[in-house]
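Chain A is the first sequence line, chain B the second, and so forth, proteins listed ahead of strands; every chain is numbered from 1.
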Number of protein chains: 2
Amino acid sequence: MVELKGSVELETVKRNTLPKQVVDSIVQLLVSGQLKPGDKLPSEMELIDMLGVSRPVLREALSSLEALEVITRKTRGGTHFNNKIGSNPFSVMLALSIGNLPAIIEARMALELGLVAMAAEKITNEKLKRLKETIDEIAGSVDNNYGEADKEFHRIIALSADNPIIEGMIDPLLITHDKMDRQIRERERDVTVQFHTDIYNALVNRDPHEAFTHMYRHLSYVRNKLLQVYQNE
Amino acid sequence: MVELKGSVELETVKRNTLPKQVVDSIVQLLVSGQLKPGDKLPSEMELIDMLGVSRPVLREALSSLEALEVITRKTRGGTHFNNKIGSNPFSVMLALSIGNLPAIIEARMALELGLVAMAAEKITNEKLKRLKETIDEIAGSVDNNYGEADKEFHRIIALSADNPIIEGMIDPLLITHDKMDRQIRERERDVTVQFHTDIYNALVNRDPHEAFTHMYRHLSYVRNKLLQVYQNE
DNA sequence: CATAATCATATTGTAAGACGAATTAGATGA
DNA sequence: TCATCTAATTCGTCTTACAATATGATTATG
């Protein structure tokens, strides 16, 4: 924003470097339907000719798209559009908020509350079985060392929503689960088992509302516990 | 995966190019707490010396980080970590799924169901007022041209969750709202107004469960309508 | 002395050229 | 036919040079 004399304000011209413009042109191939996920892009030399830019500019753009996991480049194999986004982009972006625990907790909440409702609609019997196993594992743990099973419970649910757009966010947010786990000094295995069992039963019933209710209770409880620790620091 | 003789399998060595390694090194500055959001990074020349790579390699890495909106580069101004991620990365990534309407619909659902619950906890009176205005706008529209007010309703709620991690996803997914809007040939203004009013009342009551319930109903209804159109094509 | 204009410089942006690295396809030999 | 080797394709990395942008310092002017 550039404030001029009087009350007129002009938006500053957006930095629009050549690599950015190249990114947009390549993305447009997808948006327009000219190319689809899985398709091969022209080689670097061809793109350089087509777009009329230097090789470093093109490579900066391709590196950017690869960081976003929109494409994958292989020596001699060329460059292809991916079929879906993995977890690396979100993981890198999440590093910006790594110190903002309340934001992480609530991002997890927002996501998991929505995902558990979707999971209630579509979870498979196989995944239900796996869910139950994690609950048993937590119940049977003898040294309060059940963080992995706890995380696996949440991961199975999240993955049951079966959504390629959201999928890449699940593991990065679950990695923050480990960080949070370590903050909780008092572990309450039986409380966790109860929460998980309630959620599991709702999923067995395929009831999104019930699933939401129990997950909300569980995550609110964990949130309060964590924020307590956070505020004591 | 390389399949060796017998049943032993080895993971192929991950492509770990120098720009990727540079990205990781720079992200590690954040993760380790050495630098924080808003801080200035060393200049390109300094980073080249520190990391022992060529300038194009460094620039590819910085372009990647900029595409992820983790950093912003300014000529002569240097390179800074951002405070939060904007909507561009997610928007580009979403282009990969642009043709997969069911996935988009459900990603929106997953997110909006979680966000409305969080919004119920923390929405301001000002935003409630704005919400009401959008409902009145839709109710008073005379030519079924209320897509923008409809979208604004959803946007206000999503932003009320007030989460910097999720915020960057809201606008890209709401842009898909326009695309979906155009698919719906029969507009049912009164039904929309009813759904929105129910959601609004739940938010006034600051009740996450009620908010979830009404949003789930609304979005399921929209989903069914859209999938019907989708399957007829 | 204060303000505006100009110049120098810091830092990023772009290009060209060269060579290296990785991988696949094709040719050759057993 | 299969194994091995070679050539070619394509991306990966580096060096060098110049351009563009924006800020700070200096100079000129009122």
Side-chain angles (χ1 to χ4, degrees), chain A residues 1-5 10-26 29 35 38-82 88, chain B residues 1-5 10-26 29 35 38-82 88:
Chain A
M1 285 305 248
V2 180
E3 198 155 320
L4 302 180
K5 293 199 178 145
L10 275 186
E11 191 91 14
T12 49
V13 176
K14 280 254 163 175
R15 278 183 84 245
N16 203 24
T17 62
L18 283 183
K20 271 188 186 138
Q21 292 173 52
V22 171
V23 165
D24 292 342
S25 296
I26 291 170
L29 293 178
L35 290 180
D39 284 354
K40 187 178 190 301
L41 271 74
S43 71
E44 283 185 8
M45 299 314 295
E46 285 164 339
L47 286 169
I48 285 161
D49 285 342
M50 287 182 204
L51 296 164
V53 294
S54 70
R55 190 162 172 233
V57 165
L58 178 73
R59 288 188 59 80
E60 282 190 31
L62 293 178
S63 282
S64 295
L65 285 168
E66 196 164 30
L68 290 162
E69 289 197 6
V70 171
I71 62 169
T72 295
R73 294 184 282 179
K74 289 273 174 68
T75 302
R76 209 184 181 285
T79 301
H80 290 76
F81 280 119
N82 291 327
N88 203 260
Chain B
M1 284 305 249
V2 180
E3 199 157 318
L4 302 180
K5 290 187 186 171
L10 275 185
E11 192 88 16
T12 49
V13 176
K14 280 255 160 167
R15 281 182 82 243
N16 204 23
T17 61
L18 283 181
K20 273 193 182 127
Q21 291 173 52
V22 171
V23 165
D24 291 343
S25 296
I26 291 170
L29 293 178
L35 289 179
D39 284 354
K40 187 179 191 305
L41 271 75
S43 71
E44 283 185 9
M45 299 313 295
E46 286 165 337
L47 286 168
I48 285 162
D49 286 343
M50 288 184 206
L51 295 165
V53 293
S54 69
R55 190 163 173 233
V57 164
L58 178 74
R59 288 190 59 80
E60 281 190 34
L62 293 177
S63 284
S64 295
L65 285 168
E66 197 164 24
L68 290 161
E69 290 198 6
V70 170
I71 64 170
T72 296
R73 294 184 281 178
K74 288 273 173 69
T75 304
R76 209 185 182 282
T79 301
H80 290 77
F81 280 118
N82 290 328
N88 203 262

**Report entry** Length of the CD1-P vector between I48(A) and dT14(C), whole Å
**Finding:** 15 Å
**Report entry** For R76(A), salt bridge (Lys or Arg N to Asp or Glu O under 4.0 Å) partners two or more places apart
**Finding:** none
Query raised in the report: When you measure from the side chain of R73(B), which nucleotide among dT12(C), dA15(C), dT13(D) comes out closest?
Result: dT12(C)
Query - Beyond-backbone contact of E60(A) with E66(B), side-chain heavy atoms, under 4.5 angstrom - result: no
Report task. For G77(B), report the nucleic acid contact type (base, sugar-phosphate, nothing); a contact means any heavy atom under 4.0 Å. Result -> nothing
Query raised in the report: Think S54(B) has a side-chain N or O under 4.0 angstrom from the OP1 or OP2 of dC14(D)?
Result: yes
Query raised in the report: Quick one: does R59(A)'s side chain get under 4.5 Å of P56(B)'s, heavy atoms only?
Result: no
Query raised in the report: How long is the line joining CD of E46(B) and P of dA10(C), in whole Å?
Result: 12 Å
**Report entry** Atom pair CD1/CD1 of I26(B) and I71(B) - distance to nearest 0.5 Å
**Finding:** 6.5 Å
Requested in this report: Select from G52(A) and T75(A) the residue whose nearest nucleotide in DNA chain C is closer to the 5' end of that strand.
Outcome: G52(A)
Report summary line: Here the distance between atom P of dT10(D) and atom CG of L62(A), to the nearest Å, is 14 Å
Query raised in the report: When you check the phosphate oxygens OP1 and OP2 of dT12(C), does a side-chain N or O of T79(B) lie under 4.0 Å from one of them?
Result: yes
Query - Test item: S64(B) side-chain N/O and S63(A) main-chain N/O as donor-acceptor pair under 3.5 Å - result: yes
Query raised in the report: Under 3.5 Å, is there an N or O donor on one side and an acceptor on the other linking the side chain of R55(A) and the base of dT13(D)?
Result: yes
Query - For atom CD of E44(A) and atom C1' of dT10(D), their distance in whole Å - result: 7 Å
Query - Nearest-Å distance for atom pair CG/C1', residues L18(B) and dC11(D) - result: 13 Å
Query raised in the report: To the side chain of R76(B), which of dT21(D), dT14(C), dC14(D) is closest?
Result: dT21(D)
Query - Shortest side-chain distance from R59(A), nucleotide among dT12(C), dT14(C), dC11(D) - result: dC11(D)
Query raised in the report: Once you round it to whole Å, what is the distance between C1' of dT14(C) and CD of E60(A)?
Result: 9 Å
Query raised in the report: Closer to the 5' end of DNA chain D via nearest nucleotide, is it G78(A) or P56(A)?
Result: G78(A)
Report task. Mind calculating the distance between CG (L47(A)) and C1' (dT10(D)) to the nearest angstrom? Result -> 12 Å
Query raised in the report: Whole-Å distance between dT9(D) P and L41(A) CG?
Result: 20 Å
Report task. Between K74(A) and M45(B), just flag the one whose closest nucleotide in DNA chain C comes earlier from the 5' side. Result -> M45(B)
